[in-house]
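Before any comments, here is the structure.
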There are 2 protein chains.
Amino acid sequence: MAAYTPSALKAELHERGWRMTPQRETILTTFQNLEKGEHLSAEDLRDLLAQEDDRVSLSTIYRNLKMMARMGILRELELAEGHKRYELNQPAPHHHHHLICVRCNKTVEFKNDSVLKAGAKMADKSGYHLLDCQLLIHAVCPTCQRSLLPS
Amino acid sequence: MAAYTPSALKAELHERGWRMTPQRETILTTFQNLEKGEHLSAEDLRDLLAQEDDRVSLSTIYRNLKMMARMGILRELELAEGHKRYELNQPAPHHHHHLICVRCNKTVEFKNDSVLKAGAKMADKSGYHLLDCQLLIHAVCPTCQRSLLPS
DNA sequence: TTTACTGCAAACTATTTGCAGATCC
DNA sequence: GGATCTGCAAATAGTTTGCAGTAAA
């Protein structure tokens, strides 16, 4: 656990000439307090914060989710159709991949360190600085295979 | 090469109570004639067909790209921000993954059969019918690392 | 002859952007 | 003090949908 603290974020922002704000701290700690494997869309996050009476505007949320993904703090997932979801970008023991049913969107998370290593090696070999590595499997789940509906 | 023929598509459509159309054949053969590694957005495809005076409406393109992805004929990629791209879903020797710079969107394709095998095994283990398996690596390319601009 | 498919135009929705005021450093 | 950040409202853009006519089988 331990992970990324607000002050580590602050330091990294300052390095780039940016600023720490209460909204950014709220967003970071919200993701850290999330149950393992839970991921949020921009709107989910807005609603969750509103429940706790800690309102942050949708545009600020969008701006900061994208920023944190580009910093490698969050990972951006395209699981269900039509909107992005975000989760903390965790290192090796917690890092996982996704298997998704294209019909019902049911998602299975799974770990595979050798895939992660292969990704890291590939990035390194090309001189890229790795931010996130996800194996994305599109498939049809057992239930939907049995369904009589074509599609 | 060889691959999927229009009549194979026709047969598969009929199995599901669907129909073959000239538009569907056009879309399939267009992807087959594409250079290796090239991928198209819905709009790209519309424009490419218009150039060859073989106009297909955008809605028909959207409907069929999604259908063919759900059949496993095409793979749906989210490379650059904001719109999906499609390419032929090729088997083992041509199958590849993507390494993407989150700043400039420069993309490197690479092959890794053991990753593909790990994905197929995982789908099988969960009883899912595999459609596509892609390792998606988000990173910062060498040029953008050197750039002085923060972000 | 039936039902699926296409094309058009309109609708939708997630995300982005311009701007004025607030706030971080 | 000066630049960055936020919140609002409006704009954008990719994609979807309703419908009437067309065409597979």
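Comparing C/dT15, D/dG7, C/dT6 by their closest approach to the side chain of A/Ser59 singles out D/dG7. Relative to the side chain of B/Thr60, the nucleotides C/dC5, D/dT6, C/dG7 differ in distance, and C/dG7 lies closest. Nearest nucleotide to the B/Gln23 side chain, out of D/dT15, C/dG7, C/dC24: C/dG7.
Counting non-hydrogen atoms of neighbouring residues, nucleotides and ligands closer than 6.0 angstrom, the NZ atom of B/Lys111 exceeds 12 such neighbours.
In this structure, A/Arg85 places its CZ atom 13 Å from C1' of C/dA14, rounding to the nearest Å. Look at NZ on B/Lys84: it is 13 Å from C1' on D/dA13, rounded to the nearest Å. Going from atom CZ of A/Arg19 over to atom P of C/dC25 covers 7 Å, rounded to whole Å. Taking atom CG of A/Leu58 as the reference point, atom C1' of C/dT15 lies 9 Å away to the nearest angstrom. A straight line from CE of A/Met68 to C1' of D/dC5 spans 13 Å, rounded to a whole angstrom. With rounding to whole Å, A/Leu13 atom CG is found 15 Å from D/dA3 atom C1'. Taking atom CD1 of residue A/Ile61 and atom P of nucleotide C/dT16, one finds them 13 Å apart after rounding to whole Å. Atoms CE (A/Met20) and P (D/dT6) sit 10 Å apart, rounded to a whole Å.
A sub-4.0 Å separation between OP1 or OP2 of C/dT15 and a side-chain N or O of A/Tyr62 is present. Between C/dT6 and B/Thr21, a contact under 4.0 Å exists linking OP1 or OP2 to a side-chain N or O. Contact annotation: A/Asn64 does not reach the phosphate of D/dC5 (side-chain N/O to OP1 or OP2, under 4.0 Å).
Looking at which nucleotide of DNA chain D each of B/Arg63 and B/His83 is closest to, the 5′-most match is held by B/His83. Between B/Lys66 and B/Lys10, the residue whose closest nucleotide on DNA chain D is further toward the 5' end is B/Lys66.
Using a cut-off of 4.0 Å between Lys/Arg side-chain N and Asp/Glu carboxylate O, B/Arg46 and B/Asp44 are scored as not salt-bridged.
Within the 4.5 Å cutoff, the side chain of A/Leu116 has no heavy atoms near those of the A/Asn112 side chain.
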Item to check | Full working for ring-ring contact (aromatic ring centres under 6.0 Å, His included) between B/His96 and B/His98 | outcome: CA-CA 7 Å; B/His96 59 268; B/His98 297 93; 5.0 Å; yes
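Interatomic distance, CD1 of A/Ile27 versus OG1 of A/Thr21, reported as 7.5 Å (0.5 Å rounding).
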